[in-house]
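Here is the structure we will look at.
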Amino acid sequence: MRSVPIFSAAALGLVLTASVLAVPAPEAQAAGETVNVTLTTTTAANKGRTVTRGLQPQAPVRFTAGTGSGGTTITVDEGRTYQEFEGAGASFTDTAAWLMNSSGALTPATREATMRKLFHPAEGIGLSFIRNPMGASDLARFDYNFDNTCCDVGDFTINHDLADVLPLTRQAKQLNPALKVMASPWSSPGWMKDNNHMHQGWLQSQYYTAYGQYFAKYVQAYQSRGVPIDYVSVQNEPTCCAGYPSMQWNANGIIHFTKNALWPAFRAAGISTKTLVLDWNWDKWAEWGAPQVNDPAIRNDPLFGGVAWHGYGGDVATQSQVHNQYPGIRQYGTEHSGGEWISDQHREDMVADIIGPTRNHARSVVKWSLALDQNQGPHNGGCGTCTGLITVQNGGPRHGQVDYTIEYYNMGHLTKFVRPGAVRVDTSNTAAVSNVAWRNPDGSKALIAYNTSGANQDLRVNWGGQSFSYDLPARTTATFTWAGPPSGGPTGDRLTGLGGKCLDVTDNSTANGTPAQLWDCTGAPNQQWTTA
């Protein structure tokens with residue numbers, strides 16, 4: 001890390017006033033901070049789904065002076081920071097929202113308690129990112145869209161969502177005001193397609209403009225009812241899949257639609273909602289993501305928001321390859337379902353869904369359906385073996401009860417302790433204990449660690465000039481939280497100014513005389529400054 005040189009205003013090329021740049025006062029050095037410990041443990045039986053200890057607080061430990069090694073060592077380096085965390089959660093599919101709201105399975109009191117356990121930052125796990133289908137998906141009771149009549153969108157209505165999806169999404173936003181909302185369509189209305197059906201078929205070019213207006217009307221309808229839409233994607237998993245709502249595209253068609261129909265409709269309506277491209281697997285990047293991002297008219301448009309990734313195929317390292325090519329492009333995890341096909345759900349959640357994507361620059365982690373019933377339904381074709389964060393017992397001897405699955409507890413290790421606006425800080429990853437760490441906006445730290453080894457691990461965590469040890473049980477996720485600055489002198493941090501922009505070294509240069517500038521906060525090394 002470098003120390004901040006003293007620049008004149010002329011040397012900086014801008015005037016730094018109290019309203020533009022605030023440098024925090026020096027903080028006291030760390031001295032034996034208390035570390036709070038929360039654990040979740042599962043058994044190997046039942047494919048890692050049987051929870052024996054769920055988000056259970058343990059006796060705290062303390063940092064002691066000096067660092068060390070031996071056993072499994074993780075070094076937390078606040079001097080190196082990466083992406084900002086925007087949120088994590090799941091989807092209010094038609095299935096989830098109906099089960100929780102109007103199916104009759106839950107009493108009002110149970111529904112209220114469940115919503116608080118899901119979304120309240122203090123009373124629950126504080127889910128902070130929702131990705132809802134725009135119309136029917138495979139996890140719905142039937143096919144539906146928001147305008148069934150050809151040949152314009154004059155009859156657009158979100159009446160279907162007014163029953164369940166919108167009121168629960170709005171309540172989630174009220175319980176956690178930091179919540180982000182994304183919307184993704186599985187299909188356009190059937191009359192816009194060449195097969196006149198919501199399953200497969202190609203969007204006809206004559207309806208591109210109408211479909212752009214369809215998006216705008218959806219965003220306006222939600223906004224007017226208290227639910228701003230932060231992000232959309234043009235298509236969930238383009239070309240996939242027969243048997244449920246879906247739609248054929250090619251990359252050129254999506255590019256043309258985005259530039260010439262979607263964004264003009266947004267601008268005409270005064271909508272600033274960002275568009276995320278791809279919304280599919282890592283192995284689909286070259287076919288679908290790269291052509292969009294490589295188009296300067298897409299990449300440089302203010303309505304472009306970044307890349308959305310699903311976790312069903314390919315290598316998560318693709319996210320870092322994209323980051324290295326385009327450091328300023330934001331990346332989001334937007335879907336990875338739990339399911340009966342997964343051999344170890346606990347490990348899958350922690351390594352493949354949470355730690356792996358966020359160590360590769362993901363700003364969000366989004367599972368698939370928030371809720372399903374005890375029969376993994378209802379579903380509209382497609383996935384009959386998916387699982388959710390909760391299971392709503394609808395009928396049968398346990399009617400009306402809610403089960404909190406391993407996916408709920410795993411997600412809680414992230415969302416309960418890492419707040420939107422947190423910044424990922426550098427840690428040494430290990431084969432035995434996979435991990436990721438964050439610094440919250442209030443300066444507190446959260447280290448999430450999962451024991452992948454199958455045996456207890458003697459874990460040592462180094463931080464600044466201190467360390468603590470912990471015997472981490474097998475098949476266990478731990479979140480360690482603590483406050484304060486690290487010992488050992490000043491550390492790197494962001495300096496923010498107008499509009500939340502960061503002070504940035506131009507072109508990552510280390511040459512004398514390189515100008516500084518305000519830029520979107522990316523967490524890159526050229527935005528790290530040392531203050532004494």
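Only a predicted model underlies this, so the values are computations on that prediction, with no experimental measurement involved.
With a 4.5 Å cut-off on side-chain heavy atoms, Asp315 and Trp282 do not count as touching. Counting heavy atoms from C-beta outward, Ile342 and Arg49 have side chains that approach closer than 4.5 Å. In this structure, the side chains of Pro189 and Tyr211 come closer than 4.5 Å at one or more pairs of heavy atoms.
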Audit row: Thr95, Leu372, side-chain contact (heavy atoms from CB on, under 4.5 Å) steps and yes/no:
CA-CA 7 Å; Thr95 291; Leu372 290 141; 3.9 Å; yes
Steps toward side-chain hydrogen bond (donor to acceptor under 3.5 Å, both in side chains) verdict (Asn236, Ser137):
CA-CA 9 Å; Asn236 170 74; Ser137 68; over 6 Å; no
Go through the steps for Asn429 and Asn435 under the test side-chain contact (heavy atoms from CB on, under 4.5 Å), then give the verdict.
CA-CA 6 Å; Asn429 205 18; Asn435 66 86; 3.2 Å; yes
Working for side-chain hydrogen bond (donor to acceptor under 3.5 Å, both in side chains), residues Trp341 and Thr385:
CA-CA 7 Å; Trp341 66 90; Thr385 55; over 6 Å; no
Apply side-chain contact (heavy atoms from CB on, under 4.5 Å) to Gln223 and Ile229, showing your working.
CA-CA 7 Å; Gln223 172 80 40; Ile229 303 297; over 6 Å; no
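Pairs passing the salt bridge (Lys or Arg N to Asp or Glu O under 4.0 Å) check and including a residue from residues 165-191, sequence neighbours excluded, read Glu86-Lys180. Residue pairs meeting the ring pair (Phe, Tyr, Trp, His ring centres under 6.0 Å) criterion with at least one partner in residues 152-180, sequence neighbours excluded, are Phe142-His160, Tyr144-His160, Phe146-Phe156, Phe156-Tyr214.
Note on Lys217 versus Asp147: no salt bridge recorded, every NZ/NE/NH1/NH2 to OD/OE distance being 4.0 Å or above. The existence of a salt bridge linking Asp349 and Lys367 is confirmed by a sub-4.0 Å separation between a basic side-chain nitrogen and an acidic carboxylate oxygen. Note on Arg131 versus Asp279: salt bridge recorded, some NZ/NE/NH1/NH2 to OD/OE distance being below 4.0 Å.
The ring-ring contact (aromatic ring centres under 6.0 Å, His included) with Tyr231 is formed by just one residue from the set Phe304, Phe215, Tyr332; it is Tyr332. Test Tyr408, Phe92, Phe129 against Phe119 for ring-ring contact (aromatic ring centres under 6.0 Å, His included) and you get one pass: Phe92. Looking at Thr258, Ile255, Asn300, Asn252 one by one, the single match for side-chain contact (heavy atoms from CB on, under 4.5 Å) with Asp295 turns out to be Ile255.
Tyr450 and Asn410 are not linked by any side-chain donor-acceptor pair at a separation below 3.5 angstrom, with hydrogens and angles left out of the test. Under 3.5 Å, the side chains of Gln331 and His323 contain no donor-acceptor pair of N or O atoms.
Counting all heavy atoms, side chain and backbone alike, Pro185 lies closest to Ser233 at CD-O, 3.1 Å.
In this pair, Phe257 and Tyr208 present their aromatic rings perpendicular. The plane angle is above 60°, beyond the 30 to 60° band. Classified by interplanar angle (parallel below 30°, tilted 30° to 60°, perpendicular above 60°), the ring pair Trp280/Trp288 is tilted.
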